[in-house]
Participant: 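Before I ask anything, here is the structure I am working with.
Chain naming here is simple, since letters A, B, ... match the order of the sequence lines and numbering starts at 1 in each. Just so it is clear, the structure is predicted and the values come from calculations on it, not from any experiment. Just the heavy atoms: all of them, side chains too, but no hydrogens, waters or symmetry mates, feed the values below.
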Number of protein chains: 2
Amino acid sequence: MLTIGKLGQQAGVKVPTIRYYEQIGLLPEAERSAGNQRLYSRKSLERLAFIRHARDLGFTLEAIRDLLSLSDRPDQSCAAADAIAKAQLAEVESRLARLTALKAELERMVLQCAGGRIADCRVIEVLGDHSLCATDHSHPEPELSS
Amino acid sequence: MLTIGKLGQQAGVKVPTIRYYEQIGLLPEAERSAGNQRLYSRKSLERLAFIRHARDLGFTLEAIRDLLSLSDRPDQSCAAADAIAKAQLAEVESRLARLTALKAELERMVLQCAGGRIADCRVIEVLGDHSLCATDHSHPEPELSS
DNA sequence: CTTGAAGCTATAGTTGCTAGAGACATTAGG
DNA sequence: CCTAATGTCTCTAGCAACTATAGCTTCAAG
């Protein structure tokens, strides 16, 4: 049996995050030692590693909740799991497209900055005047900053 | 003078968002009408459009706060503005790299799914076993889902 | 046996908004 | 001029997915 600290280390997840996952029901309530400390089995480690891996791939906790409940029923069709993964792929692709457009615009902005006074700064100028943007004058959806 | 609704329309920003920006000090406290409603000038519209545009490009509100205070002092060097924009560009580039890796892995996962039972599902399997990932066995930093 | 690390609970903070309640202001129509 | 509809006001709470803090208890090493 592993303490929460060891579990966190092995799965690459911080301790408070594990407790958080338990709190929101993504992990079952852990067994407790005589002194009320959480104890985890190898199975818990697998489950947590699954979650970690899915998070790394950008799945939301909701999607992971679904994937986990699917994986608990190994005899059913995998169409649902496939659909979740495909949706995630589509999401990633759309974010890639938006980020690529952003990158182009930021590059133009930075390249044009001659390094003089603020009054002549292209960065400030472009931000202040949308019409100085790339030809199509439309913007991608806002991309959340991490 | 514009009411908050008109201002929002013209800048493409929702009304509560404008009030929120005022609350956190990104916009100055607005003038008020006799009936206590906010009134905005053309200058406010420019400032809000600046914010909106920078948000579209993924700048954080903190970065925007800095850019705005720079733009208020037009005679100083634009090095700071340039640095902020370059940092944002670097951030976008790193996110692009991570997303590209993510996309590759998701694609592999989805392509390998034969559509049978959960027990045979590549999606579930790959999520559960990190070692089935791409050759380098390392993952990009977690990419926050939008 | 003592000390320091690791664990416990509970609460609040983060970012950038968005949604709701309940009250007041303004404007268009009759 | 009155009314109804819309717009605005403040305040509070909620979202994702954690992270941090405070104040306590338990555990393992020396």
Participant: Would you indicate whether the side-chain heavy atoms of B/Phe59 and B/Asp66 approach each other to under 4.5 Å?
Facilitator: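 They are not in contact (no side-chain heavy atoms under 4.5 Å apart), so the answer is no.
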Participant: Please report the distance, rounded to the nearest Å, between CD1 in A/Ile18 and P in C/dA6.
Facilitator: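 Rounding to the nearest Å, CD1 of A/Ile18 and P of C/dA6 are 14 Å apart.
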Participant: For residues A/Leu57 and B/Leu127, determine if any side-chain heavy atom of one lies less than 4.5 Å from a side-chain heavy atom of the other.
Facilitator: yes
Participant: Heavy atoms within less than 4.0 Å of DNA chain D: which residues of residues 5-16 of chain B have one? Give them sorted by number.
Facilitator: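 Those residues are B/Gly5.
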Participant: Could you check how far CZ of B/Arg19 sits from C1' of D/dT10, rounded to whole Å?
Facilitator: 9 Å
Participant: Check the distance between C/dT15's P and B/Phe59's CZ and give it to me in whole angstrom.
Facilitator: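 Rounded to the whole Å, the gap is 18 Å.
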Participant: Is the distance from OP1 or OP2 of D/dA17 to the nearest side-chain N or O of A/Thr17 less than 4.0 Å?
Facilitator: no
Participant: How many Å lie between CD on B/Glu22 and C1' on D/dC11, as a whole number?
Facilitator: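 Answer to the nearest Å: 14 Å.
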Participant: Tell me: CG of B/Leu27 to C1' of C/dC17, nearest whole Å?
Facilitator: 14 Å
Participant: Quick check on C/dG16: is either OP1 or OP2 less than 4.0 Å from any side-chain nitrogen or oxygen of B/Tyr21?
Facilitator: no
Participant: Rounded to the nearest angstrom, tell me the gap between atom CG in A/Leu61 and atom P in D/dA17.
Facilitator: 4 Å
Participant: Taking CG from B/Leu26 and C1' from C/dC17, how many angstroms apart are they, rounded to a whole number?
Facilitator: 13 Å
Participant: Go through C/dT18, D/dT8, D/dC18 for me and flag the one nearest to the B/Ile4 side chain.
Facilitator: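 Closest nucleotide among those given: D/dT8.
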Participant: Does the side chain of B/Thr3 reach to within under 4.5 Å of the side chain of B/Tyr40, using non-hydrogen atoms?
Facilitator: no
Participant: Looking at B/Arg32, does any N or O in its side chain come under 4.0 Å of the phosphate oxygens OP1/OP2 on D/dT10?
Facilitator: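 Looking at the OP1 and OP2 atoms of D/dT10, one of them is under 4.0 Å from a side-chain N or O of B/Arg32.
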Participant: Find out whether A/Gln10 and A/Arg42 are in side-chain contact, i.e. whether some heavy atom of one side chain is under 4.5 Å from a heavy atom of the other.
Facilitator: yes
Participant: Does anything in residues 33-43 of chain A reach DNA chain D, meaning a heavy atom under 4.0 Å, and if so which residues?
Facilitator: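 When residues 33-43 of chain A is checked for heavy atoms under 4.0 Å from DNA chain D, the hits, listed by number, are A/Ser33, A/Gly35, A/Gln37.
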Participant: Is the phosphate of C/dT26, meaning OP1 or OP2, less than 4.0 Å from a side-chain N or O of B/Thr3?
Facilitator: no
Participant: Return all side-chain donor-acceptor pairs below 3.5 angstrom for residues 22-37 of chain A, not counting sequence neighbours, or 'none' if the list is empty.
Facilitator:
unit_1  : atom_1 : unit_2  : atom_2 : d
A/Glu22 : OE1    : A/Arg38 : NE     : 3.0
A/Arg32 : NH1    : A/Asn36 : O      : 2.8
A/Arg32 : NH1    : A/Asn36 : OD1    : 3.4
A/Ser33 : OG     : A/Gly35 : N      : 3.2
A/Ser33 : OG     : A/Gln37 : N      : 3.1

Participant: In whole angstrom, give the distance that lies between atom CG of A/Leu2 and atom C1' of C/dA6.
Facilitator: 15 Å
Participant: Taking atom types as modelled, is there a side-chain donor on A/Arg65 or A/Ser69 under 3.5 Å from an acceptor on the other?
Facilitator: no
Participant: What heavy-atom pair brings B/Ser71 and A/Ile124 nearest, and what distance separates the two atoms?
Facilitator: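 Closest approach of B/Ser71 to A/Ile124: CB-CG2, 3.6 Å.
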Participant: Side chains of A/His53 and A/Ile64, heavy atoms from C-beta outward: is any pair under 4.5 Å?
Facilitator: no
Participant: Under a 4.5 Å cut-off applied to non-hydrogen side-chain atoms, are A/Lys14 and A/Thr17 in contact?
Facilitator: yes
